[in-house]
Asker: 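Encoded as structure tokens, here's the structure I'll be asking about.
Quick caveat: nothing in here was measured; it's all calculated off a predicted structure.
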Amino acid sequence: MEILMSITVGVLFTVGTYMILTKSMLRVIIGLILLSHGAHLLLLTMAGLQRGTPPLLSLGSEAYADPLPQALILTAIVISFGVTSFLLVLAYRTYKEHKTDDLDQLRGSADE
């Protein structure tokens, strides 16, 4: 299972990097989303995919699941959602002002 997750992380990083290098602003934002999802899966995979009961002492189990990686990933998901929504609003506002989302046209000239 960890090999499958590692391959998925690699595919997400590859596609995200490719999308960031395109000219469209919306594709850059989608690339950043894919990179953040790849980072979340990487954190989960590096913590180890284990089965166990919740860490409650009253259950008296042999193996417990570590809740720290899940808490870190949940925090990262919330932060990436906020950054994504901010970038989408910024891209929308830029499109309304300049009537394009092509990054080469938004670059400007040397005399500006």
Asker: Any side-chain heavy atom of Leu32 within less than 4.5 Å of one from Thr84?
Answerer: no

Asker: Do you know which two heavy atoms are closest between Asp101 and Ser24, and how far apart they sit?
Answerer: OD2-OG, 3.0 Å

Asker: For the residue pair Leu43 and Pro69, establish whether any side-chain heavy-atom pair is separated by less than 4.5 Å.
Answerer: no

Asker: Does one hydrophobic cluster hold both Val28 and Ile30, with members joined at side-chain heavy-atom distances below 4.5 Å?
Answerer: no

Asker: In terms of side-chain geometry, is the basic nitrogen of Lys23 or Asp102 positioned less than 4.0 Å from the acidic oxygen of its partner?
Answerer: no

Asker: If we only count heavy atoms from C-beta on, is the His40 to Ser80 side-chain gap below 4.5 Å?
Answerer: yes

Asker: I'd like to know if Leu35 and Phe81 are part of one continuous hydrophobic network [Ile/Leu/Val/Met/Phe/Trp/Tyr, side-chain heavy atoms within less than 4.5 Å].
Answerer: no

Asker: Roughly how far apart are Leu103 CG and Leu21 CG, rounded to 0.5 Å?
Answerer: 11.0 Å

Asker: Between the side chains of Thr100 and Gln105, does any donor sit under 3.5 Å from an acceptor?
Answerer: yes

Asker: Give, for atom CG of Leu90 and atom CE of Met25, the distance between the pair rounded to the nearest 0.5 Å.
Answerer: 7.5 Å

Asker: Within this structure, what is the CE-CE distance for the pair Met5 and Met46, rounded to the nearest 0.5 Å?
Answerer: 12.0 Å

Asker: Just how far is it from atom CD1 of Ile33 to atom CD1 of Ile20, taken to the nearest 0.5 Å?
Answerer: 10.5 Å

Asker: Would you say Leu34 and Val83 are hydrophobically clustered, going by side-chain heavy atoms of ILVMFWY under 4.5 Å?
Answerer: yes

Asker: Kindly compute the distance separating CD1 (Ile77) from CG (Leu72), expressed to the nearest 0.5 Å.
Answerer: 11.0 Å

Asker: Does the Thr45 side chain pair with the main chain of Leu42, one donor and one acceptor, at a distance under 3.5 Å?
Answerer: no

Asker: Of all heavy-atom pairs between Arg27 and Thr22, which one has the smallest distance, and what is that distance?
Answerer: CB-OG1, 3.3 Å

Asker: Answer yes or no: are there more than 12 heavy-atom neighbours, outside Leu68 itself, under 6.0 Å from its atom CG?
Answerer: yes

Asker: Side-chain heavy atoms nearer than 4.5 Å, only ILVMFWY residues, links allowed to pass through others: does that put Met1 and Leu44 together?
Answerer: yes

Asker: CG/Leu106 to OG1/Thr94 distance, rounded to the nearest 0.5 angstrom?
Answerer: 7.0 Å

